[in-house]
Amino acid sequence: GFHDSVRNSLSRLLSDERSRRAYQMADGEVTLREVCKACSMSPTTVLKLWDQAVKCGLMEALPGGKKRRLFDLENFSLSSPDLTAASAEE
């Protein structure tokens, strides 16, 4: 079904912890710099990931160049406990 195909797309694109966090943080408000810092990723890597997510229909591009995720990884059992813990600790 739809849920399974979205989950498969998400898990294929977001193959590691950092990419999952970078996706999950993309709420349309967060800055690229904040995501890079939180995920220890380069701007190029984050932008490439986000662009791929937009192409796959997993994110939307907003006016002004920001991106917003269309799915919450928690709904697909793809977020790990340390994703939420890490953001709470900062």
Side-chain angles (χ1 to χ4, degrees):
F2 178 72
H3 186 273
D4 290 336
S5 63
V6 170
R7 187 180 199 286
N8 290 340
S9 298
L10 287 167
S11 59
R12 263 200 311 275
L13 180 66
L14 311 173
S15 53
D16 60 40
E17 227 25 80
R18 290 191 306 181
S19 61
R20 287 179 183 184
R21 180 186 283 182
Y23 177 84
Q24 190 71 4
M25 284 181 74
D27 58 3
E29 299 293 319
V30 73
T31 65
L32 179 62
R33 180 180 291 175
E34 288 169 324
V35 174
C36 291
K37 188 173 178 243
C39 303
S40 307
M41 294 167 82
S42 74
T44 311
T45 307
V46 174
L47 288 173
K48 205 161 117 186
L49 175 75
W50 286 356
D51 286 341
Q52 286 176 310
V54 170
K55 281 188 193 121
C56 297
L58 300 172
M59 291 181 96
E60 62 181 345
L62 301 173
K66 293 204 173 183
K67 306 282 193 293
R68 179 167 52 208
R69 65 181 163 83
L70 296 177
F71 301 99
D72 185 339
L73 295 182
E74 288 182 18
N75 295 339
F76 295 88
S77 312
L78 288 173
S79 73
S80 62
D82 62 311
L83 275 185
T84 39
S87 55
E89 285 167 20
E90 286 171 13

The side chain to side chain donor-acceptor pair (under 3.5 Å) partners of D72 (sequence neighbours excluded) come to Q24

Return all side-chain donor-acceptor pairs below 3.5 angstrom for residues 47-55, not counting sequence neighbours, or 'none' if the list is empty.
from, atom 1, to, atom 2, distance (Å)
W50, NE1, A22, O, 3.2

Contacts of S42 that satisfy side chain to side chain contact (heavy atoms under 4.5 Å, CB included) - sequence neighbours left out: T44, T45

Begin from the C-alpha positions of L14 and L58 and carry the test side-chain contact (heavy atoms from CB on, under 4.5 Å) through to its verdict. CA-CA 11 Å; L14 311 173; L58 300 172; over 6 Å; no

When rounded to the nearest 0.5 angstrom, what distance separates CG in D4 from OG in S9? 10.5 Å

Excluding sequence neighbours, so at least two apart, what forms side chain to side chain donor-acceptor pair (under 3.5 Å) with D16? S19

Residues 13-39 vs ring pair (Phe, Tyr, Trp, His ring centres under 6.0 Å), sequence neighbours excluded, gives none

List the atom of L78, the atom of R20, and the distance in Å for their closest heavy-atom pair. O-NH1, 3.3 Å

Is S5 reaching over with its side chain to a backbone N or O of F2, donor-acceptor style, under 3.5 angstrom? yes

Rounded to the nearest 0.5 angstrom, the CD-CG distance for E29 and L62 is 8.5 Å

Tell me the closest heavy-atom pair linking S77 and R7, and the distance in Å. O-NH2, 3.5 Å

Just jot down the ring pair (Phe, Tyr, Trp, His ring centres under 6.0 Å) partners of F76, sequence neighbours excluded, or say none. H3, F71

Can you give me every donor-acceptor pair (side chain of residues 30-39, partner residue at least two apart or in another chain, under 3.5 Å) with its distance?
from, atom 1, to, atom 2, distance (Å)
T31, OG1, E34, N, 3.1
T31, OG1, E34, OE1, 3.2
E34, OE1, T31, N, 2.8

Quick one: which residue pairs count as a side-chain hydrogen bond (donor to acceptor under 3.5 Å, both in side chains) with a foot in residues 61-70, not counting sequence neighbours? E60-R68

